[in-house]
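Sequence lines set the chain letters: A, B, ... in the order given, protein chains first and strands last, and positions in each chain run from 1. Here the structure is a predicted model, which means the values were calculated and not measured.
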Protein chains: 2
Amino acid sequence: MTEKQEKILQAALQLFACEGYHATSTSKVAKAAGVSEGLIFRHYKNKEGLVMAILEEGESRLKSLFVDIVMETDPKEVLRKTITMTTKIDPSDYDFWKLQFKLKWELEISGDKKMEPVKMALANAFHKLGYQLPGSEAKLLILFIEGIGSSLLTGPETNQDEIIQLLLKKYDL
Amino acid sequence: MTEKQEKILQAALQLFACEGYHATSTSKVAKAAGVSEGLIFRHYKNKEGLVMAILEEGESRLKSLFVDIVMETDPKEVLRKTITMTTKIDPSDYDFWKLQFKLKWELEISGDKKMEPVKMALANAFHKLGYQLPGSEAKLLILFIEGIGSSLLTGPETNQDEIIQLLLKKYDL
DNA sequence: TGCAAAAGTGAGTAATCGCTTACAAAAATA
DNA sequence: TATTTTTGTAAGCGATTACTCACTTTTGCA
C-alpha cells in the first residue's frame with residue numbers, strides 16, 4: 001500500500017463517516033488526501049470500490065472486538081464482555097464505527113452478519129445459565145449493544161458507564 | 001393543501017425513506033409525483049424545505065404515539081405502554097419512521113428531543129416503582145425501544161413480539 | 001363577470017457529479 | 001543500464017444536480 005493510497009483511505013473514511021457517502025464527492029476525497037482525483041479510480045475502480053476497501057481494511061477492528069467474546073467459555077464472562085464491549089472501542093476508531101451505522105441506513109449495507117457469532121455465543125451462554133429463552137435474550141442484548149454504540153457515536157458526551165453498570169447488575173454480573 | 005402538493009410529499013417521503021435523502025433527486029420526486037420539477041421549489045423553496053415539510057406533516061404521528069404514554073399516571077402502565085409502543089405503529093407509517101432513522105444518520109437530524117417527554121415519564125414511573133436509578137433505567141429502556149424499532153424497520157420479518165414479551169417479564173408486567 | 005393571486009409548467013441555468021483518457025514520473029525487474 | 005510495470009497527474013467527458021424564470025392555467029373573491 002502506497003503512502004498516497006493510505007491518505008486516500010484515511011481521508012475517505014473521515015469524510016464518509018462525518019458527511020455521509022452520497023454527500024462526499026470523489027473530488028472532495030482527492031482534495032482532502034492531497035491527491036489527483038484520477039488516482040482514486042486507478043486504485044479502487046470506482047466510488048463503491050473505495051468504500052468497500054475502507055470496510056475491508058477495518059475488518060480487523062471488528063474482529064478484534066468480537067473474538068474476545070466468541071472465544072470465551074465462561075457464560076457469565078461472555079455476558080460481561082458483551083455488555084462492556086463498547087468501552088473497549090478506541091476513540092481513534094470512532095469514525096470507522098460511525099461509518100458502519102451510516103452505511104447501514106444510507107446504503108442499507110448492514111454489518112449485522114458480522115455480529116452473528118456473537119449472537120450465537122450469547123444464546124449459548126444464556127442457555128448454560130438456565131435462561132428460558134436464550135435466543136430472545138441474545139437478540140435483546142445485541143439490541144442494547146447497538147443502541148449504546150449508537151448513542152456513544154452520536155451523542156456529545158455520553159456517560160455510558162452508568163447504563164452499563166445498571167445492565168451488569170440486571171444480569172447478576 | 002393541493003392534491004399535487006400531497007402527491008409531492010407522498011412521493012418524496014417514499015423515496016427519501018427508501019433510497020435516502022442525497023440519493024433522491026428533486027427530478028425523481030417530481031417524476032414520481034407526476035408533477036413538474038419547478039412546482040416543488042414553488043411550494044417548498046428548496047430540497048431541505050421539502051424534507052422539513054415531510055417531518056412537520058408527520059409530527060402528529062409522533063405525538064399520537066407518545067401522548068398515550070406521557071398522559072398515563074399508573075407507573076406500571078407507563079412501562080407497559082412504552083415497551084409495546086412499536087406494536088402500535090401502523091405499517092403504512094413505516095416509511096415515515098424509516099425516514100426518522102435515515103435522517104438521523106445521513107443528515108444528523110435527530111428526533112431525540114421528541115422522546116424527551118417519554119424519558120421523563122419513564123424516569124418518573126421508575127421512581128414511583130422504587131427503582132434505584134430511575135434516570136438510567138429510563139435511558140436503558142429507551143435504548144431498547146429504539147433498537148426494537150430499528151430492527152422492525154430494517155429486518156425482513158421480525159418477531160418483535162417475542163422480545164417484547166421477554167422485556168415485559170423482565171419488568172414484572 | 002372581472003381580475004388579482006395562487007398553482008402549475010417546461011425550458012433553461014451554472015455547477016458539480018462519477019469517471020475516462022492521454023500522458024509523465026517513478027519503481028521494479030531484467 | 002534498458003525496459004516493462006506501476007503510480008500518479010491534469011484535463012476534460014457526458015450526465016445529473018439543485019434551482020430559476022418567463023410564462024400559462026386555475027382558483028378565489030369583490
Side-chain angles (χ1 to χ4, degrees), chain A residues 1-58 95 98-100 102-109, chain B residues 1-58 95 98-100 102-109:
Chain A
M1 176 126 52
T2 321
E3 183 188 344
K4 302 216 169 188
Q5 278 188 61
E6 281 190 50
K7 282 273 185 192
I8 290 172
L9 288 182
Q10 183 180 314
L13 169 58
Q14 197 264 327
L15 286 168
F16 286 158
C18 293
E19 322 262 357
Y21 177 77
H22 282 110
T24 301
S25 64
T26 50
S27 82
K28 252 194 217 170
V29 173
K31 218 162 283 177
V35 148
S36 72
E37 194 179 351
L39 192 58
I40 292 173
F41 296 92
R42 158 126 312 167
H43 286 308
Y44 306 104
K45 188 181 175 191
N46 51 32
K47 196 180 172 183
E48 192 189 337
L50 174 58
V51 73
M52 288 308 174
I54 293 173
L55 292 183
E56 278 182 38
E57 205 265 343
D95 274 351
K98 207 169 171 182
L99 182 63
Q100 296 288 128
K102 288 224 170 189
L103 292 182
K104 171 175 172 177
W105 288 103
E106 193 177 345
L107 301 185
E108 312 212 354
I109 292 175
Chain B
M1 175 126 52
T2 321
E3 183 187 344
K4 302 217 169 188
Q5 278 189 59
E6 282 191 49
K7 282 273 186 194
I8 291 172
L9 288 182
Q10 183 179 314
L13 169 57
Q14 197 264 325
L15 286 168
F16 285 158
C18 293
E19 322 262 357
Y21 176 77
H22 281 109
T24 301
S25 63
T26 50
S27 81
K28 252 195 216 168
V29 173
K31 218 163 280 176
V35 147
S36 72
E37 196 178 351
L39 192 58
I40 292 173
F41 296 92
R42 167 147 314 249
H43 285 309
Y44 306 105
K45 189 181 174 191
N46 52 31
K47 195 179 174 184
E48 192 189 338
L50 174 58
V51 73
M52 288 308 176
I54 293 173
L55 293 182
E56 278 183 37
E57 205 265 342
D95 274 351
K98 207 169 170 182
L99 182 63
Q100 296 288 129
K102 288 224 171 187
L103 291 183
K104 171 176 173 177
W105 287 103
E106 193 178 346
L107 300 186
E108 312 212 354
I109 293 175

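If you take NE2 of H43(A) and C1' of dC19(C), they are 16 Å apart, rounded to a whole angstrom. Here dG8(C) presents its P atom at 10 Å from OH of Y44(B), a figure rounded to the nearest Å. Distance, F41(B) CZ to dA22(D) C1': 17 Å, rounded to whole Å. Taking atom NE2 of H22(B) as the reference point, atom P of dT17(D) lies 12 Å away to the nearest angstrom. Put simply, CD on E3(A) is 20 Å from P on dA25(C), counting in whole angstrom units. A straight line from CG of L39(B) to P of dA22(D) spans 18 Å, rounded to a whole angstrom. In this entry the distance linking CD1 of I40(B) with P of dC21(D) reads 18 Å, nearest Å. Counting to the nearest Å, the P atom of dT17(D) and the OH atom of Y21(B) are 13 Å from each other.
Along DNA chain C, the nucleotide nearest R42(A) and the nucleotide nearest K28(A) are compared for position; the residue whose nucleotide lies closer to the 5' end is K28(A).
For the pair K7(B)/T2(B), no side-chain contact is recorded, criterion being any heavy-atom separation below 4.5 Å from C-beta on.
At dG8(D), none of the side-chain N or O atoms of S36(A) fall inside 4.0 Å of OP1 or OP2 (strictly under the cut-off). An OP1 or OP2 oxygen of dT9(D) is reached within less than 4.0 angstrom by a side-chain nitrogen or oxygen of K4(A). The phosphate of dA18(D) (OP1 or OP2) has a side-chain N or O of T26(B) nearer than 4.0 angstrom. Applying the 4.0 Å criterion to OP1 and OP2 of dA18(D), one finds that K47(B) has a side-chain N or O inside that range.
Classification of K102(B) and E19(B) as a salt-bridged pair fails, no side-chain N sitting under 4.0 Å from a carboxylate O.
Remark: the backbone N or O of G20(A) is not paired with any side-chain donor or acceptor of E106(A) at under 3.5 angstrom.
Under a cutoff of 6.0 Å and an axis angle of 45°, K47(B) and Y21(B) form a cation-pi pair.
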